[in-house]
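Some notes on the structure that comes next.
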Amino acid sequence: MDDVSITMTPPESQNLKKIVAESAVNHYVRDGMTVGLGTGSTAEYAIRKVGELAASGYELTCVATSLRTEKLAAEVGVRISDLSDVEHIDVTIDGADEVDPDLQLIKGLGGALLREKIVAAATVKEIIIVDDSKLVQKLGTRSPLPVEVVPFGHTKTKYALEKQGCKAALRTVGGRPFITDSGNYVYDCVFAAIESPFFLESRIDVIPGVVENGLFLNTAYAVLSVNGEGVVTAIGRDGTRDILTP
Ligand code: 5RP
């Protein structure tokens with residue numbers, strides 16, 4: 001008999017984002033919940049899926065992590081509540097830029113780190129959705145660490161950031177500083193690797209002018225990671241690993 005070779009076409013990257021985002025919504029969002037909506041190209045698919053649930057009759061209270069997310073939520077028919085008006089958030093689904101083996105994260109390449117961290121702090125189950133290219137052995141090896149700073153005296157803040165062992169670059173758009181939803185600037189800090197994330201965070205947080213940093217430590221309840229074949233693995237805070245069915 002002739003050999004038959006079957007070539008599997010791997011799902012493209014946008015499709016992988018959709019797969020992991022929809023899997024997170026299917027597994028964690030239930031009728032009646034208060035849901036935090038993340039920011040970024042992966043979280044966008046989760047927002048659209050939440051829109052489908054709302055259209056199907058789910059009573060959801062939703063909180064947004066950025067103005068961009070608020071806008072998309074409105075487009076897909078999801079009403080956004082003010083974080084100050086909800087008691088707590090049952091589940092937030094958000095993306096990340098890096099995930100280490102202890103589920104410590106870098107977030108903020110999308111510029112929403114401040115609101116994302118405030119929302120995460122009010123959340124019972126923070127679910128992080130990524131493709132497996134974001135899984136790293138050490139934070140800082142794939143992504144810079146975004147740090148949000150007030151514009152006043154920001155070059156002095158940059159100097160203090162660089163004393164922590166990084167090269168800090170002001171994030172710009174079209175030649176002008178990128179402005180966050182809270183009117184601040186972002187410095188993207190490139191480290192060779194972040195050896196002690198908790199220590200680094202404590203050093204950055206005491207720099208005058210720093211509003212928030214992109215280290216999300218002990219924040220993730222579970223990380224859902226999709227591989228090139230579209231298989232989603234849920235990695236729990238307790239070390240469990242489960243393959244999720246769609
Ligand atoms: C925004 C974020 C995003 O969640 C993070 O940058 C991942 O985005 P994407 O899913 O587009 O790769 O932290 O501030």
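Indexing begins at 1, ligand by ligand and atom by atom, following the structure's order.
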When you compare ligand 1 with [X], is there at least one nitrogen or oxygen pair between them that comes in under 3.5 angstrom?
X: K17; value: no
X: G108; value: yes
X: A43; value: no

Task: Protein heavy atom at shortest distance from atom 9 (P) of ligand 1 - done: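 Ranking protein heavy atoms by distance from atom 9 (P) of ligand 1, first comes S41 OG, 3.4 Å.
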Open item on the list: For atom 2 (C) of ligand 1, which of the options K134, E116, E148 provides the nearest non-hydrogen atom?
Closed with: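 Looking at heavy atoms only, the winner is E116.
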Task: Option with minimal heavy-atom separation from atom 7 (C) of ligand 1, where the choices are V130, D94, D97 - done: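 The residue whose heavy atom sits nearest atom 7 (C) of ligand 1 is D97.
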Open item on the list: Salt bridge or not between K17 and E44? Use side-chain N to carboxylate O under 4.0 Å.
Closed with: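 Answer for the salt bridge query: no.
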Task: Other ILVMFWY residues reachable from L145 by side-chain steps of under 4.5 Å - done: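 Besides L145, the hydrophobic cluster comprises I106, V136, L139, V147, V149, L161, L170, I179, Y185, Y187, F191, I194, F198, L200, I204, I207, V210, L215, L217, listed by chain and residue number.
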Open item on the list: Taking transitive links into account, so neighbours of neighbours count too, which hydrophobic residues share a cluster with F199 at under 4.5 Å side-chain distance?
Closed with: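 None; F199 is a cluster of one.
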- [ ] Would you check, one step at a time, whether the test side-chain contact (heavy atoms from CB on, under 4.5 Å) holds for S225 with K134?
- [x] CA-CA 9 Å; S225 173; K134 307 252 184 101; over 6 Å; no
Open item on the list: Only heavy atoms of G111, strictly under 4.0 Å: list the atoms of ligand 1 that pass.
Closed with: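 Counting atoms of ligand 1 from 1, those under 4.0 Å from G111 are 14 (O).
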- [ ] Inspect the surroundings of NZ in K18 and state if more than 12 heavy atoms from other residues, nucleotides or ligands are less than 6.0 Å away.
- [x]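 Open: at most 12 neighbouring heavy atoms sit under 6.0 Å from NZ of K18.
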